[in-house]
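Notes follow the structure.
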Amino acid sequence: MPANSVDRLAAKISQIAGADVELERPNDPAHGDYATNVALRTAPAHKRPPRELADELAQRVVDLPEVERADVAGPGFLNLWVARDWFVEALEEIDADYGGGFAQPHQRVQVELVSANPTGPVTVGSARNGAYGDSVARLLRFAGHAVEEEYYFNDTGRQVDLFRESVGARRRGEAPPEGGYVGEYLEEIAALDRDPVEAMLEEIRREIAEFRISIDSWRRQAEIEAEVAELLPRLDMYEAEGTVWARTSTYGDDKDRPLVRSADGSYLYFAADIAYVRDKLERGFDRAIYVLGADHHGYVARLKAAAAMLGYDPDRIEVLIYQLVHIVERGEARKGSKRRGDVVFLRELLEKIGIDAARWYLVSRSADQPIDIDVDLAREQTQKNPVYYVQYAHARIAGIIRNADKQPAASAAPAALDPLERELLKRLTDFPTIVAEATERRAPHALPIYAIRVADDFHRFYHDLRVIGSDEEAFRLALCRATQKVIARCLDLIGVEAPERM
RNA sequence: GCGCCUGUAGCUCAGCGGAAGAGCAUCGGACUUCUAAUCCGACGGUCGGGGGUUCGAAUCCUCCCAGGCGCACCA
């Protein structure tokens with residue numbers, strides 16, 4: 001039995017049609033509550049005109065108690081109007097877990113995110129990585145998977161050494177080394193009497209936590225490198241030009257990757273990468289998800305090749321690529337280099353627009369779309385940020401419920417639903433489809449878009465219809481509670497708070 | 001040169017095989033309310049361009065044009 005009302009209805013109609021039916025929500029209300037194109041899709045197989053099939057289907061579908069009216073339109077669309085009882089029953093199943101738990105099969109999933117080197121505070125670029133990756137993790141968890149979020153950082157490489165040297169030079173009052181790190185934060189770290197990398201790491205942990213990302217596991221590159229020696233003999237490799245190469249090109253990569261410098265036996269970065277791939281998969285994750293900026297998209301092939309070379313199914317490695325965040329100031333692009341102190345840090349963004357607006361903003365665009373942040377405009381954009389529109393709907397509902405508690409309601413569901421009630425309720429029943437698709441496509445940006453639609457429908461409902469003291473009070477309160485749950489869930493999935501008051 | 005991403009309303013973007021959308025901006029209306037951080041209305045589009053596939057293309061294929069990001073013995 002499908003888990004939610006829309007799927008059950010689709011299943012019933014599928015049975016009648018003898019083909020898989022997907023119910024769509026038409027934009028135009030004249031096209032009904034739901035529409036399906038089965039007749040158009042199956043017409044070639046039946047060798048019959050689509051409209052004829054649609055007519056037959058309409059006559060049989062309208063006998064279902066759930067269906068009030070069925071029209072055939074256009075080339076053969078079937079437009080459906082759903083009955084009042086269907087709505088009332090749909091409302092009853094909207095509980096706190098509504099729309100979740102659909103994962104099939106349940107998996108152990110690791111999402112590795114942010115993973116910026118501890119050479120500076122969290123940048124807005126990394127913040128997008130975090131906002132996106134964490135939302136994907138939350139979606140997978142809501143779907144029913146066992147999800148672990150991991151932050152991997154390099155504590156041994158050249159950049160870290162350079163960072164230490166930069167802090168050291170600062171402490172001695174000397175000029176920074178060639179290409180070294182500069183900026184206010186460097187002075188903050190220099191003022192502390194402790195290891196710069198550990199201090200920076202602690203700062204990153206604090207900022208990540210403040211940004212509502214809960215990391216389950218912090219993994220150091222030094223730990224991974226310790227596994228390399230034992231791993232090497234198992235690799236498909238060869239020596240040439242003073243270097244040991246991994247033969248990744250035979251496993252789907254565009255070229256072979258250098259592993260070890262023969263002269264001194266020092267490991268090159270791919271050695272750690274491949275060891276980390278094995279480390280993840282050996283820890284028992286069915287799936288290891290990497291969240292990488294577009295500047296790392298060349299990684300996809302080599303990571304999958306690494307898995308394949310080690311004898312794992314490369315499909316267990318999944319790489320999510322998001323386009324970069326560009327910093328614009330007074331119409332001019334900044335370079336965004338941490339070393340040159342040219343970046344915008346997350347803490348600066350949080351100061352200006354706050355956590356809710358920042359998380360909303362960074363996750364509302366498709367990962368395929370680059371984001372420009374104009375620092376000067378950030379605060380201005382705050383007031384226009386739709387996050388407050390959605391939060392306001394939640395707070396308004398909380399207000400109604402507070403007031404309603406004072407005088408208990410007693411009334412049955414209305415004999416006929418108001419169009420505003422229907423629209424709102426219908427919107428809520430979209431939620432399971434929205435989350436399932438957002439999860440499947442790793443596209444959390446669908447959530448804020450949907451949440452705005454829910455808030456829209458609620459604000460309209462609220463404006464025209466009275467809840468407390470109305471004849472339909474009990475039903476409308478239930479509708480309010482269901483709306484509140486769906487909004488709260490959407491916000492939670494993207495790491496935004498759902499306030500009781502505003 | 002090769003690879004990935006993008007080009008939809010003045011601006012920022014959704015939609016990615018089914019009947020063109022939202023926010024902002026601009027203009028005009030609605031508060032004795034369960035919160036006006038709200039609501040209603042108007043304005044606004046050869047969906048970068050050409051070919052193709054399909055009953056049907058913003059959506060798929062192909063070629064152009066424009067922009068972003070890669071193509072390290074840096075991470």
Side-chain angles (χ1 to χ4, degrees), chain A residues 22 24 26-28 30-31 35-37 40-41 43-44 49-51 73-77 79 115-117 119 153-154 156-160 162 179 221 241-245 254-255 257-263 266-273 293-301 321-324 326 333 361 364-372 377 380-381 383-393 395-404 406-407 441 443 445-446 448-450 452-453 455-456 458-470 473 476-477 480 501-502:
Chain A
E22 279 180 32
E24 295 174 31
N27 276 323
D28 187 342
H31 297 149
T36 175
N37 60 2
L40 287 158
R41 286 202 344 262
R51 280 204 64 116
F77 291 103
N79 296 331
S115 296
N117 285 345
T119 57
F153 59 95
N154 185 354
T156 63
R158 251 173 54 178
Q159 293 307 319
V160 171
L162 188 61
Q221 184 163 323
E241 298 159 38
T243 300
V244 178
W245 300 79
D254 9 301
K255 58 185 76 165
R257 303 289 165 183
L259 279 171
V260 184
R261 191 178 290 121
S262 303
S266 63
Y267 300 143
L268 300 167
Y269 66 85
F270 187 66
D273 287 342
D295 54 340
H296 286 73
H297 77 253
Y299 261 50
V300 181
I321 300 293
Y322 61 92
Q323 298 300 310
L324 300 178
H326 300 282
Y361 185 71
S364 324
R365 268 163 197 69
S366 153
D368 289 336
Q369 198 72 233
I371 295 180
D372 287 336
L377 246 61
E380 196 181 318
Q381 280 170 349
Q383 295 148 17
K384 303 184 255 179
N385 197 312
V387 70
Y388 300 110
Y389 179 79
V390 173
Q391 288 183 318
Y392 186 54
R396 268 185 151 176
I397 295 170
I400 293 173
I401 290 169
R402 273 196 304 275
N403 291 323
K406 293 170 197 156
Q407 31 178 305
R441 296 172 48 195
H445 72 276
I449 292 164
Y450 169 73
I452 290 171
R453 294 284 84 77
D456 260 342
F458 174 75
H459 284 309
R460 269 196 286 272
F461 160 86
Y462 177 93
H463 190 263
D464 279 17
L465 301 177
R466 182 83 198 172
V467 176
I468 296 172
S470 71
E473 177 168 342
R476 287 182 182 165
L477 266 177
C480 284
R501 296 171 198 271
M502 283 176 80

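Below, chains carry the letters A, B, ... as their sequence lines are ordered, and counting in each starts from 1. What you are looking at is a predicted structure, and each value in this text was computed from that prediction instead of being measured.
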Q. Going through the distances and angles, do F461(A) and V467(A) end up as a side-chain contact (heavy atoms from CB on, under 4.5 Å)?
A. CA-CA 10 Å; F461(A) 160 86; V467(A) 176; 4.0 Å; yes

Specify the separation, in whole Å, of atom [atom1] of [X] and atom [atom2] of [N].
{"X": "Y462(A)", "N": "A30(B)", "atom1": "OH", "atom2": "P", "value": "20 Å"}
{"X": "D464(A)", "N": "C31(B)", "atom1": "CG", "atom2": "C1'", "value": "14 Å"}
{"X": "R158(A)", "N": "C73(B)", "atom1": "CZ", "atom2": "C1'", "value": "10 Å"}
{"X": "R257(A)", "N": "A75(B)", "atom1": "CZ", "atom2": "C1'", "value": "13 Å"}
{"X": "Q391(A)", "N": "U38(B)", "atom1": "CD", "atom2": "C1'", "value": "15 Å"}
{"X": "H296(A)", "N": "C4(B)", "atom1": "NE2", "atom2": "C1'", "value": "15 Å"}
{"X": "H463(A)", "N": "A37(B)", "atom1": "NE2", "atom2": "C1'", "value": "14 Å"}
{"X": "Y299(A)", "N": "A75(B)", "atom1": "OH", "atom2": "P", "value": "8 Å"}

With sugar-phosphate meaning primed atoms plus P, OP1 and OP2, does [X] contact a base, only sugar-phosphate, or nothing at under 4.0 Å between heavy atoms?
{"X": "H459(A)", "result": "sugar-phosphate"}
{"X": "F270(A)", "result": "nothing"}
{"X": "Y269(A)", "result": "base"}
{"X": "R261(A)", "result": "base"}

Report the residues that fulfil ring-ring contact (aromatic ring centres under 6.0 Å, His included) with [X], sequence neighbours left out, ordered by chain and then residue number.
{"X": "H459(A)", "value": "Y389(A), Y392(A)"}
{"X": "Y267(A)", "value": "none"}
{"X": "Y322(A)", "value": "none"}
{"X": "H296(A)", "value": "Y299(A)"}

Q: Apply side-chain hydrogen bond (donor to acceptor under 3.5 Å, both in side chains) to R261(A) and list each qualifying residue two or more places apart in sequence or on a separate chain.
A: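 So R261(A) forms a side-chain hydrogen bond (donor to acceptor under 3.5 Å, both in side chains) with S266(A).
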
**Q.** Residues that S262(A) engages under side-chain hydrogen bond (donor to acceptor under 3.5 Å, both in side chains), provided they are two or more places apart
**A.**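 Partners of S262(A) by the side-chain hydrogen bond (donor to acceptor under 3.5 Å, both in side chains) criterion, ordered by chain and then number, come out as E239(A).
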
Q.
Among residues at least two apart in sequence or on other chains, which ones pass salt bridge (charged side-chain N to carboxylate O under 4.0 Å, His left out) with R158(A)?
A.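 Residues passing salt bridge (charged side-chain N to carboxylate O under 4.0 Å, His left out) with R158(A): none at all.
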
**Q.** Contacts of R460(A) that satisfy salt bridge (charged side-chain N to carboxylate O under 4.0 Å, His left out) - sequence neighbours left out
**A.**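 So R460(A) forms a salt bridge (charged side-chain N to carboxylate O under 4.0 Å, His left out) with D457(A).
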
Distance between [atom1] atoms of [N] and [M] (Å, rounded):
{"N": "C47(B)", "M": "A19(B)", "atom1": "P", "answer": "15 Å"}
{"N": "A58(B)", "M": "U8(B)", "atom1": "P", "answer": "15 Å"}
{"N": "G68(B)", "M": "U12(B)", "atom1": "P", "answer": "15 Å"}
{"N": "C60(B)", "M": "G15(B)", "atom1": "C1'", "answer": "16 Å"}
{"N": "A14(B)", "M": "U53(B)", "atom1": "C1'", "answer": "26 Å"}
{"N": "C11(B)", "M": "A72(B)", "atom1": "P", "answer": "37 Å"}
{"N": "G21(B)", "M": "C43(B)", "atom1": "P", "answer": "14 Å"}
{"N": "C27(B)", "M": "G44(B)", "atom1": "C1'", "answer": "12 Å"}

Looking at the side chain of [X], which of [options] is the nearest nucleotide?
{"X": "A294(A)", "options": "C73(B), U38(B), C69(B)", "value": "C69(B)"}
{"X": "Q221(A)", "options": "A36(B), A75(B), C34(B)", "value": "A75(B)"}
{"X": "N117(A)", "options": "C73(B), C40(B), A75(B)", "value": "A75(B)"}

Q. Does any N or O donor sit under 3.5 Å from an N or O acceptor when you compare the side chain of H326(A) with the base of G68(B)?
A.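 Counting by modelled atom types and ignoring angles, no donor-acceptor contact under 3.5 Å is found here.
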
Q. What does nucleotides 18-25 of chain B look like as a protein-contact string, B for base, S for sugar-phosphate only, - for none, at under 4.0 angstrom between heavy atoms?
A. BB--S-S-

Q | Base-contact (B) and sugar-phosphate-only (S) positions in nucleotides 5-15 of chain B, heavy-atom cut-off under 4.0 Å, - elsewhere | A | SS-----SSSS

(Q) I want to check one thing: is the phosphate of C39(B), taken as OP1 and OP2, less than 4.0 Å away from some side-chain N or O of R460(A)? (A)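 So the side-chain polar atoms of R460(A) never come under 4.0 Å of the phosphate oxygens OP1 or OP2 of C39(B).
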
(Q) Below the 4.0 Å mark, does C39(B) have OP1 or OP2 next to a side-chain nitrogen or oxygen of Y389(A)? (A)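 Checking Y389(A) against C39(B): at least one side-chain N or O falls below 4.0 Å of OP1 or OP2.
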
Q | Face-on cation placement of R466(A) at Y462(A) ring, 6.0 Å and 45° thresholds | A |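 No cation-pi geometry.
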
Q: Would you check, one step at a time, whether the test side-chain contact (heavy atoms from CB on, under 4.5 Å) holds for L259(A) with W245(A)?
A: CA-CA 5 Å; L259(A) 279 171; W245(A) 300 79; over 6 Å; no

Q: List in chain and number order the residues that pass side chain to side chain contact (heavy atoms under 4.5 Å, CB included) with D368(A), two or more places apart in sequence or in another chain; answer none if no residue qualifies.
A: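 So D368(A) forms a side chain to side chain contact (heavy atoms under 4.5 Å, CB included) with S366(A).
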
**Q.** Pairing annotation in dot-bracket form, given for RNA chain B with Watson-Crick or G-U pairs under 3.5 Å and | for cross-strand partners
**A.** (((((((..((((....[..)))).(((((.......))))).....(((((..]....))))))))))))....

Q.
What I'd like to find out is whether the side chain of I468(A) reaches to under 4.5 Å of the side chain of E473(A), using heavy atoms alone.
A.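 Yes, side chains in contact.
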
Q: Name the residue closer to the 5' end of RNA chain B, choosing between M502(A) and D295(A) according to the nucleotide with the nearest heavy atom.
A: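 The residue closer to the strand's 5' end, by nearest nucleotide, is M502(A).
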
Q) Which is it for L477(A) and I400(A) under the side-chain contact (heavy atoms from CB on, under 4.5 Å) test, yes or no, and what are the steps along the way? A) CA-CA 8 Å; L477(A) 266 177; I400(A) 293 173; 4.0 Å; yes

